[in-house]
Amino acid sequence: MDAFELFRKLGAGAKFDLKRFGQDAARSHVGEASSNAFSAIDYFGTGVTSRSQSSPVELDDGGGDDNEEENEVSGAEGKRKQRDEEKDWTAGGPLKDMEGSGITWTSSLDRKIQNLPSDGKEKSSLKRMKHLHQEKVNRIRSQHRINVHGCDVPDPVSTFEDLQSEYRLSPRVLQNLKDAGLTSPTPVQMQAIPLMMHGRELLACAPTGSGKTLAFCLPLLAQLQQPANLGFRAVVISPTRELANQTYRELLRLSEGVGFRVHIIEKASLAAKKYGPQSNKKYDILVSTPNRLVFLLKQDPPALDFSSVEWLVVDESDKLFEGGKTGFREQLAAVFLACSGSKVRRAFFSATCTPDVEQWCRLNLDNLVSVNIGHRNTAVDSVEQKLLFVGTENGKLVAMRDIIKTGFLPPMLVFVQSIDRARELFHELVYEGINVEVIHADRTQQQRDNVVNSFRAGKIWVLICTALLARGMDFKGVNLVLNYDFPTSSVEYIHRIGRTGRAGHQGKAITFFTENDKPLLRRYTQISNFKHIHKVKRRLENKPPTRSTICTTPRILMKKKGKAPNTGPKGEKQAAGGEQKEKRQSQTAVLQQKGEKKTKGQEQKRRNKTQKEGGSEKHKKTTSNSSGAKLKRYCVCVHVFIV
DNA sequence: AAAAAAT
C-alpha cells in the first residue's frame, strides 16, 4: 500500500475512527449523563415539551458504526412496532397531514388514486400503481445514496419546481435559487426539505459541500411562508461566528424580495434594544452562535423571546453537542429550554455524526427521521488526498516553502493546530512575497471579518487558520487544503479537507506528518508499516533543497508552548508587535530584491486604505501588496501542481 | 487535545 492508498483509508475512514471515536465519545459522557443539564431525561422530562413521545424507533444506519451502542428498543414489543412502522412507510401508506400546516403529504399519484372511481378491479390496479411508485421512490433514493430511517417518510423531491407545486415554495425564492445558479437539489436537499416541510424532526448527515445549508434554509423560508410580526419563528445555531454569518448571508440571498426579516446578532449589547420584547420590529429568522443567545436569555428580564420559535436548526450538530466544562453542550441546552412554544421542531445537520448525537436525537426528538447521504463520516471523494512525510517540524517549513516555490494554484487554506502555531507560521511566511493572512479566534472580529472577505475576494492566496475555519465554511474555489499540522481526529480531518472539493468540484488536500505524528496515524489507520512513506521522505530530501531559507526559522517554530512566563495577553501582543516591526523591514528588503518596487505615494495610499478598513496594518500590508491582477499573473506564471 | 464561545 502506498502513501496515497493509506491516505484514502484515512479519509474514507474504513477502519479509521468510527468505532474508536464512538467508544471515546460514549465513554466520555458516561459520567455526565445524570448530572449534565443536557441529559435527555432530566432535561425534557420536565414537561418543557408537551409533545407525545412516540416510542423510539430503532435506527440502523446500515454502516454498522454504532454497534457498541445499546439498543434502545428492547423486547418484542419495540421490534414489532418498528417493523410495522417500517412497513408503513416503505409501502407508501397514507399519511396524516401535519397539524396546521395545510400541506397534504399525498403525492400526485395518491391524488390520482383518490380521484378514480373505486370498484374492486380499479383498486387492485391502483395498488399496483402504488407499488410501482414506491419502487420509483426507492430507485431515486438508492441512486442518490439517500438512506432514511423513520416512519412515514415523504418522497424525495427531484426538482426545485416540485417544491413550488407540492410545498408552496414562493416563486420568488425559486427565482432566487435560479439566479444563484442552483438548478436541481442535491441528495440531502431532496430528502431533508420535504421532511422539514412536513414538520418532521430530523437528524441529517451528509458530506461536506453537499448543500446542507440550503437543505434547511429553503424549508425555513417555505414553511414560515411570509413575514409575520410574531418575533423569531426560526433559529439557526452555528459553532462559529463566521459560519453563522455565512448562513445569514445565504438566507438573505434566498429570501430577497420576499420580505423576511433575517437577523444575525452582531453585538449582544445592541441586540436587546433591537428586537427585545418591547421592540416593535420583529424578525422572523435568527442566526447566531449559542453563547450570546444564552447571555441574552439569561438577562433579567430576558432580552430575547423564543416562545414563538417554530424551528430550531442545529448546524454542525456534533460540534455543538461537545460536552465538557467549556463545551457547547450546556449552551445548547439553555437555548433548547428557551424555545418554550408548543410547536417547536428541531433539525440537526452535520457532515459527521457521533453516536452520542444520534442517541440523543433518538431519545428526545419527536418521531425522529434520520437521513444519511452515502456512508457516514467519510471524506468526500472529490478531494484528492495526499499524505506527505516531512520528518520534523523543520521539514514542514521546508515542504511548505517548496509548495510555494514550486507553484500552486491559489487560494489555499493551511490548517494548524493552535492559535500560537498559526501566529508563528504566519510570521514565517510573511516574507515569502506571497499574499498570506492568518485567522483565529484571538484576532478581533473586525480582523476576522476582513480576512474572510478578502479571502472570498481572492485577495489572499494562502490563509493560515485554526479549527475556526474547519467547519461549514464555503469558500468557492479553494484549490488546496494543506494540513500543516496533523489533524487530531478523523472528524477534524474530514471537515478540514471538506473546505475544498465542494459542490461537485474537484479539490486537493495535502497532509504533512512527522515522526511524532506516526503513532497517531498508526492509531487511525492501523498501519504499522511505514516503508512506503519513507520513500516519500527520501524523495523530498533529494529535491534541490530550498534549505538556505530556513536558517532564520527554527527558533520560533521550535519554541515550546508556555514559553515566556507571566506574559499576559497584552504583553504578548506587544512583544509580537515589536517583533513584527523588526521583521517588516527585512521583508521590505526581500520585496525590493524581487523587484517589487513601490513608490512612496502608493505605499501611503495603501496604508490609509488599510487603516480605513480597520484591518491590522501589519497583516494588511502584506496582503495589499498584490491586487487581483497580480494574483492572476501569479496563477499563469507558476505551474499548477506540486508534490 | 485544542478551539470556539458574551460583555
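Just so we're clear, the structure is a prediction, and the values are computed from it rather than from any experiment. Reminder, nothing fancy here: chain letters follow the sequence lines and each chain counts from 1.
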Can you find a side-chain donor-acceptor pair between Thr352(A) and Asp318(A) that sits under 3.5 Å?
yes
Atom CD of Glu492(A) and atom P of dA2(B): how far apart are they, to the nearest Å?
12 Å
Asp485(A) CG to dA3(B) P, straight-line distance once rounded to whole Å:
11 Å
Interatomic distance, Glu242(A) CD vs dA3(B) C1' [rounded to whole Å]:
12 Å
Would you tell me if any nitrogen or oxygen in the side chain of Arg448(A) comes within less than 4.0 Å of OP1 or OP2 on dA3(B)?
no
Between dT7(B) atom C1' and Lys267(A) atom NZ, what is the distance in whole Å?
8 Å
Could you measure the distance from the CH2 atom of Trp311(A) to the CE atom of Met196(A)? Nearest 0.5 Å is fine.
4.0 Å
Taking ring pair (Phe, Tyr, Trp, His ring centres under 6.0 Å) as the test, write out the residues that go with Phe348(A), two or more places apart.
Phe321(A), Trp360(A)
Under-4.0 Å side-chain N/O to phosphate OP1/OP2 contact, Thr240(A) with dA5(B):
no
Name all residues meeting the ring pair (Phe, Tyr, Trp, His ring centres under 6.0 Å) criterion together with Phe328(A); count only those two or more places apart in sequence or in a different chain, and write none if there are none.
none
Among the nucleotides dT7(B), dA2(B), dA4(B), which one has an atom lying closest to any side-chain atom of Arg292(A)?
dT7(B)
Heavy atoms under 4.0 Å, any strand shown: does Leu293(A) hit a base, just sugar-phosphate, or nothing?
nothing
Which whole-number value in Å describes the distance from Glu316(A) CD to dA4(B) C1'?
13 Å
Could you state the atom-to-atom distance from NZ of Lys319(A) to P of dA2(B) in whole Å?
13 Å
Does dA6(B) have OP1 or OP2 sitting under 4.0 Å from an N or O in the side chain of Thr289(A)?
yes
Rounding to a whole Å, what distance do you find between Arg241(A):CZ and dT7(B):P?
6 Å
Rounded to whole Å, please give me the gap between CG in Leu304(A) and C1' in dT7(B).
15 Å
